[in-house]
Structures are given as C-alpha cells and as structure tokens.
Amino acid sequence: MHLYKSQPLKVYNSLKGKKEIFESISEGYVGMYVCGPTVYSNVHLGNCRTFMSFDMIFRYLKHLGYKVRYVRNITDAGHLENDADEGEDKIAKKARLERIEPMEVVQRYTVDFHTILQKFNFLPPSIEPTATGHIIEQIEIIKDIIEKGFAYEINGSVYFDVPKFNESHNYGKLSGRKLEDMISNTRELASQDEKKSPQDFALWKKAETQHIMRWPSPWGDGFPGWHLECTAMSTKYLGETFDIHGGGMDLKFPHHECEIAQAEASNGVSPVKYWMHANMLTMNGKKMAKSTGNNILPEEIFTGNNDILSKAFTPTVVRFFMMQAHYTSILDLSNDALLASEKGYSKLMDAIGAIDAINTSDSSSIDVVSWRQKCYDAMNDDFNSPTLIAHLFEAVKHINTLKEHKATITESDKNLLKATLNAFIFDVLGLENKNVSSADNDKLPDVVSLLIQLRKEARDNKDFATSDKIRDQLAALGIQLKDGKDGTTFSVS
RNA sequence: GGCAUUGUGGCCGAGUGGCUAGGCAGAGCUCUGCAAAAGCUUGUACAGCGGUUCGAAUCCGCUCGAUGCCUCCA
C-alpha cells in the first residue's frame with residue numbers, strides 16, 4: 001500500500017554535504033519545516049521558487065504515502081533590516097513609511113503571499129504559524145538557554161553566547177564555517193557594541209521607546225530575535241528533532257546555523273535530520289535585485305507587464321519552467337526560457353488530452369511498467385524533477401506514436417500510463433491542465449466540433465476557401481486545429 | 001578577502017569515470033489540397049590550464065567567471 005516502502009528515496013543533506021537514504025524518524029510520518037516569508041512587501045519570485053520546490057517535495061512525500069506535517073511560518077516580527085539606519089524591524093519600518101499599523105502591513109502582504117501561491121497551485125501547509133503568535137514560547141526558550149549558560153542579558157537585551165556554545169558544540173557545522181575564521185574575518189567595529197563577541201546574536205532585543213512592536217518579557221519590553229521564532233515554532237509543532245528543514249540557500253548562514261545553536265543549547269539535541277536548501281533564481285544571468293532593476297514580480301509575469309517579457313505567461317507555465325530545473329541548481333529566468341517552457345508544456349498537455357482516444361490492443365509494444373519505475377527513480381534521486389520531465393516527454397512520444405497507429409498498447413497498460421502521468425504531472429509537479437474547460441466555456445468543445453465537421457465537409461467538397469477560413473479564423477481566436485490520422489482535434493492557447 | 005554553491009551545444013537545463021538526457025530553436029524527410037500538428041533523421045557541448053587514469057565534461061589542483069552568505073551593527 002505505502003509506496004515509500006518500495007521506493008527508496010535519497011535526499012541531499014546540506015548538513016552532510018551528500019545524498020543520503022531518507023529514513024523518517026517515525027515510520028510513515030514526516031515532519032517538515034520551511035522558513036516562510038517576512039511579510040513586509042510583495043512576495044519575491046525567487047521566494048516563490050524556494051517555496052515551490054518544497055511544495056513539490058511535500059507533494060511527492062505525500063504521494064509516497066507518508067503522512068506529512070508541513071509547517072511553514074509567516075514572519076511578522078523580529079526580522080531586522082541589516083543595512084538600514086538602526087536595525088529597524090522590516091515590518092515596523094514599512095508601517096512607519098506608509099503610516100499604517102504594523103499588522104496592516106502584515107495582513108496586506110500575507111494576503112498577497114497567499115494569492116500568488118494559490119495562482120501557482122500550491123498546497124497549503126499543514127500549519128502556518130506566525131512569529132507574533134508564539135512570543136510566549138520564544139521567551140520560554142530564551143529563559144531555558146540562559147539557564148543552561150549559553151546566553152546573557154545586558155541592558156534589557158539577551159544575546160546568544162556563540163564562543164561559549166562553541167566550546168562544547170560545533171557552531172558553523174551547517175555552513176562549513178569555523179568560529180576562528182569568523183572572528184579573524186570580522187571587521188573591527190567601534191566598540192559601542194553591547195555584545196560580548198561580534199559573533200553573538202540577539203535572542204531578545206530591548207524595544208526603544210519609539211519602537212511600536214513590543215512585548216513584555218522578564219527583561220523588559222522588547223521583541224524576539226529573528227532566528228528564534230523558527231526554533232520556537234518548529235519545536236512546538238514538530239518536536240525537538242524532526243525530519244526535514246528547508247529554506248533558501250541564503251538562509252543557511254546565519255539563520256539556520258543559529259537555529260541549530262538555539263535548539264542544541266536549549267534541548268541538547270540537534271533539531272533536524274535532513275537540511276535541504278533550494279537554490280536561487282537569477283534573471284537574464286544576473287541576480288535579481290530591486291536596486292539594479294533586474295527584478296520581476298509574479299504578477300508582472302502573469303500580466304506580461306514587464307520590459308523583459310514579450311508576453312504574459314500563466315502561473316502553471318512558470319511552474320513548469322521552474323520544475324524543469326533541479327531545486328539545488330541556480331535557475332535563470334528569461335523570456336526565451338519561458339517561451340520554450342510554454343511550448344513544451346503545451347505539448348505535454350496535448351498528449352494528456354489525447355490518451356483517452358487511443359485504441360487498445362492485445363499486446364503492448366511499450367514497456368509501461370519500466371517506464372513508470374524510471375519516473376520514480378528520478379524523483380527518488382533527490383526529487384529530480386527535470387529528469388522526471390524528460391521521462392514524461394518519452395511518454396508524450398509514445399502517445400503520439402500510438403495515435404498514429406505505429407505502436408500498440410493493452411487496456412491495462414494504457415490505464416497505468418494514464419494514471420502515472422496524472423499522478424506525476426498533476427499531483428507531484430502540481431501543474432494544472434489548461435485544456436480542462438472551465439464552467440464558462442464548457443460548450444466550447446461541442447461548438448468547435450461542429451466547426452470541425454463543417455470544415456471536413458468543405459474539404460471533402462474541395463472547397464478549400466471555406467475550410468481554410470474556418471481554420472484561420474479559429475486560429476485567430478487562439479484555437480488551433482490539428483489534423484491527425486483519426487480526424488481533427490484542437491487545442492486552446 | 002573568507003566560506004558555500006556553481007560554470008554543459010543557438011537558448012533553458014539533466015547526468016554518469018568509457019554507453020541517448022529532455023524541452024525550445026535550426027536543417028532534411030514523411031504525412032497533408034496547402035499549412036499546422038505529429039512521426040523519422042540530424043548537432044565534432046561540457047569555462048581555461050595542468051594532473052591522476054588504459055580512458056575524464058565527470059576525480060584532484062590552479063586560474064578566470066557567476067550566485068549566495070559573512071550575523072540584527074555603524
């Protein structure tokens with residue numbers, strides 16, 4: 001019944017720097033935590049790629065039969081500007097600039113985040129907790145860490161004592177850094193820093209009087225450090241040790257390194273069995289940055305409203321484009337790449353739509369069973385979606401060959417082929433079928449069939465002026481007719 | 001400067017120590033009333049320079065380039 005028993009999965013563990021056989025801590029169950037967005041502006045397309053990678057991973061784990069608890073947080077406090085005036089909270093800053101309440105900022109961009117993800121056909125996580133909803137838990141962890149001697153309070157703020165922690169633990173094991181190197185590479189700053197060591201990081205920050213996002217604590221009014229929320233929420237919902245922790249490559253250090261330190265200091269055990277990091281998205285070969293203008297919002301792709309694009313692209317085409325690269329590779333977005341993906345996606349959907357009409361035989365000239373296993377092998381190899389897609393196009397070729405009666409397939413193989421394609425394309429990759437007509441135009445197939453019939457009659461009478469008129473005018477409406485061995489089909493673009 | 005990831009044919013992108021990735025674009029053929037679609041055929045790719053090896057794009061070293069990070073603090 002459970003596929004995971006027959007389909008051994010390997011994942012690349014950033015902590016070890018190699019692929020490992022995936023064995024969940026509790027058989028049949030997977031706990032997965034992914035660092036969610038800081039909701040102070042519209043969700044970045046690069047962020048979407050990270051979350052989409054983990055959406056696909058979530059989907060495949062579920063497909064394998066695991067019961068997955070997927071926790072993805074919303075950071076609505078504590079994430080400070082690192083290059084701004086005074087280390088202001090990103091959300092508080094936005095609120096100040098727009099003269100609205102911080103929670104209005106949070107609400108606006110949380111809604112934006114959910115809207116975009118829905119367009120991309122994301123599955124909702126099992127739990128989507130917020131940092132502000134877990135202040136009490138965070139304070140408890142800080143108390144615990146202080147008690148164990150790995151943190152100190154000074155002037156109403158609490159800092160994690162990294163050198164102390166490093167004496168008995170390994171700070172830097174995830175990012176491959178050594179504390180000594182970090183110390184020698186740190187610029188000497190003017191010594192007004194209240195931290196004992198530049199490597200120390202804040203668990204709790206004292207709120208200055210003008211700081212509006214503040215909570216009471218044993219150390220006075222303040223707010224939690226950014227790294228702490230993830231430790232608090234992952235521990236609360238997934239336990240002291242859980243299976244998978246994911247996030248963007250950019251969070252590896254310091255964020256994830258600090259999470260490990262906090263959890264080990266507090267619980268005495270390493271929090272995560274498999275660390276997984278998704279790689280970055282670039283555009284036209286360069287990093288995406290608002291400052292250089294080399295940046296694009298998801299909505300601008302859906303509308304085509306951006307200078308680098310020649311047209312609009314649907315969310316599912318963008319999703320297909322992203323799935324064509326491995327999640328650990330840098331992916332480069334460009335108009336040409338999206339155009340190529342759009343055509344490939346179309347071809348895939350046309351094949352899906354053509355399966356039902358295929359005639360079956362007593363024997364198969366296609367080995368569907370081993371093809372299916374190749375699809376699983378690809379996904380089992382650290383979620384290799386691009387290789388999976390290569391295999392899906394093999395199936396496309398098979399389907400088209402069958403359509404031309406140049407191959408044969410049995411009824412059961414045909415059903416297996418169809419079920420496998422549906423499972424991987426829609427359940428695992430999360431693509432949506434554009435050929436499935438919506439309620440608004442569900443009469444379209446009948447109408448087009450009528451026109452196809454009229455065109456056939458015209459062609460039979462050698463009235464090519466009429467037949468071409470039907471074909472060309474439908475094409476102008478975005479409906480393409482395709483003449484095949486068994487008559488004419490159509491697709492809508 | 002340090003750490004990490006990375007550099008594949010016109011474009012996007014997999015992969016392995018010796019055996020086809022795949023998609024898009026291009027070329028030829030088949031089919032077709034003509035197209036389109038589809039099928040078949042077609043590409044002296046693996047940043048550069050050394051090394052290991054019978055053999056490396058795949059392992060090692062160096063060089064060059066790309067991407068991320070270098071800590072809540074000016």
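What you see is a predicted model; the values in this text were computed from it and never measured. Below, chains carry the letters A, B, ... as their sequence lines are ordered, and counting in each starts from 1.
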*asked:* Is the phosphate of B:A37 approached by A:Thr489 (side-chain N or O, under 4.0 Å from OP1 or OP2)?
replied: no
_Sugar-phosphate only, base, or nothing, as touched by A:Ser341 at under 4.0 Å among non-hydrogen atoms_ = nothing
_Distance between P atoms of B:C54 and B:A47 (Å, rounded)_ = 24 Å
_With rounding to the closest Å, how many angstrom separate the P atoms on B:G65 and B:U8?_
16 Å
*Among B:A14, B:G39, B:C34, which nucleotide sits nearest the side chain of A:Ala325?*
B:A14
_Work out how far the C1' atom of B:U67 is from that of B:A25, and round it to whole angstrom._
27 Å
*Nearest to the side chain of A:Lys406 - B:G39, B:C12, B:U67?*
B:G39
*Nucleotide of B:A35, B:A38, B:C24 approaching A:Glu404 most closely (side-chain heavy atoms)*: B:A38
*Between the side-chain atoms of A:Asp468 and the base atoms of B:A35, is any donor-acceptor pair under 3.5 Å?*
no
*Taking the side chain of A:Asn400 as its heavy atoms from C-beta onward, which of B:A35, B:A4, B:A38 lies nearest to it?*
B:A38
*Can you find a side-chain donor-acceptor pair between A:His255 and A:Glu259 that sits under 3.5 Å?*
yes
*Taking the same atom, C1', in B:U30 and in B:G23, what whole-Å distance lies between them?*
23 Å
*For B:U6 versus B:G10, give the span between their P atoms, rounded off to a whole number of Å.*
24 Å
*Quick one: which of B:A35, B:A38, B:U71 gets closest to the side chain of A:Pro254?*
B:U71
*Figure out the NZ/C1' separation between A:Lys403 and B:G39, and round it to whole Å.*
10 Å
*In whole angstroms, how far is the C1' atom of B:C3 from the NZ atom of A:Lys173?*
18 Å
*asked:* Of the listed nucleotides (B:A35, B:A37, B:C69), which one gets closest to any side-chain atom of A:Asp250?
replied: B:C69
*Give the rounded distance in Å between these two atoms: CZ of A:Arg455 and P of B:G33.*
11 Å
*In whole angstrom, give the distance that lies between atom CD of A:Gln480 and atom P of B:A36.*
10 Å
*Compare the minimum distances between each of B:G22, B:C40, B:U67 and the side chain of A:Ile330, then state the nucleotide with the smallest one.*
B:U67
_Contact under 4.0 Å: A:Asn384 side-chain N or O vs B:G15 OP1/OP2_ = yes
*Thinking salt bridges, do A:Lys418 and A:Asp356 make one under a 4.0 Å N-O criterion?*
yes
*Tell which nucleotide pairs with B:C19, taking only Watson-Crick or G-U wobble pairs whose two distances are both under 3.5 angstrom.*
none
*Does any nucleotide pair with B:A57 by Watson-Crick or G-U wobble geometry, both distances under 3.5 Å, and what is it?*
none
*Among side-chain atoms of A:Thr75 and A:Glu229, is any donor-acceptor pair under 3.5 angstrom?*
yes
*With nearest nucleotides of RNA chain B determined for A:Thr387 and A:Thr328 from heavy-atom distances, which residue corresponds to the more 5′ nucleotide?*
A:Thr328
*If we ignore angles and hydrogens, is there a donor and acceptor under 3.5 Å between the side chains of A:Asp332 and A:Ser334?*
no
_Side chain of A:Lys343 only, heavy atoms from C-beta on: which candidate in B:A21, B:A36, B:C24 is closest?_
B:C24
*Could you pick out which residue, A:Ala337 or A:Ala340, lies toward the 5' side of RNA chain B when each is mapped onto its nearest nucleotide?*
A:Ala337
*asked:* Is the phosphate of B:C24 approached by A:Lys347 (side-chain N or O, under 4.0 Å from OP1 or OP2)?
replied: yes
*Of all the nucleotides listed (B:C70, B:U67, B:G39), which has the minimum atom distance to the side chain of A:Lys286?*
B:U67
*Would you indicate which nucleotide in B:G22, B:U67, B:C69 comes nearest to any side-chain atom of A:Lys287?*
B:U67
*In plain terms, say whether A:Lys164 and A:Asp200 are close enough for a salt bridge, that is, a side-chain N and a carboxylate O under 4.0 Å apart.*
no
*Reckon A:Lys178 touches a base, only the sugar-phosphate, or nothing at all at heavy-atom distances under 4.0 Å?*
nothing
*For the pair A:Phe150 and A:His169, name the ring-plane relationship: parallel under 30°, tilted 30 to 60°, perpendicular over 60°.*
perpendicular
*Interatomic distance, A:Glu394 CD vs B:G23 C1' [rounded to whole Å]*: 13 Å
*asked:* Quick test of your reading of the model: are A:Lys374 and A:Glu394 salt-bridged, counting only N-O distances below 4.0 Å?
replied: yes
_From CG of A:Leu339 over to C1' of B:G10, roughly how many Å is that when rounded to an integer?_
15 Å
*Sort out the partner of B:G68 for me: Watson-Crick or G-U wobble, both distances under 3.5 Å, none otherwise.*
B:C3
*Starting from C1' on B:G23, measure out to NE2 on A:His326 and report it in whole angstrom.*
18 Å
*Stacking between A:Phe464 and the base of B:G33 (centre distance under 5.5 Å, interplanar angle under 30°)?*
yes
_Opposite nucleotide pairing with B:G43, Watson-Crick or G-U, both atom distances under 3.5 Å_ = none
_What's A:Leu348 touching, base or sugar-phosphate or nothing? Going by heavy atoms closer than 4.0 Å._
nothing
*Could you tell me whether A:Tyr171 contacts a base, only the sugar-phosphate backbone, or nothing, with contacts defined as non-hydrogen atoms closer than 4.0 Å?*
base
*On a whole-Å scale, what distance lies between the P atoms belonging to B:U16 and B:U58?*
13 Å
*Is the backbone N or O of A:Met379 less than 3.5 Å from a side-chain atom of A:Asn384, with the two atoms forming a donor-acceptor pair by type?*
no
_For atom CZ of A:Phe165 and atom C1' of B:U71, their distance in whole Å_ = 15 Å
_Rounded C1' spacing from B:C46 to B:G7 in Å_ = 10 Å
*Whom does B:A38 pair with, Watson-Crick or G-U wobble, provided both distances fall under 3.5 Å?*
B:U30
*Would A:Thr50 and A:Asn47 count as having a side-chain donor-acceptor pair, cut-off 3.5 Å?*
no
_Whole-angstrom distance between B:G43 and B:A38, as gauged at atom C1'_ = 22 Å
_Determine whether a donor-acceptor pair (one donor, one acceptor, N or O, separation below 3.5 Å) exists between the side chain of A:Arg177 and the base of B:C70._
no
*What about A:Asp381, does its side chain sit under 3.5 Å from the base of B:G15 through a donor-acceptor pair?*
no
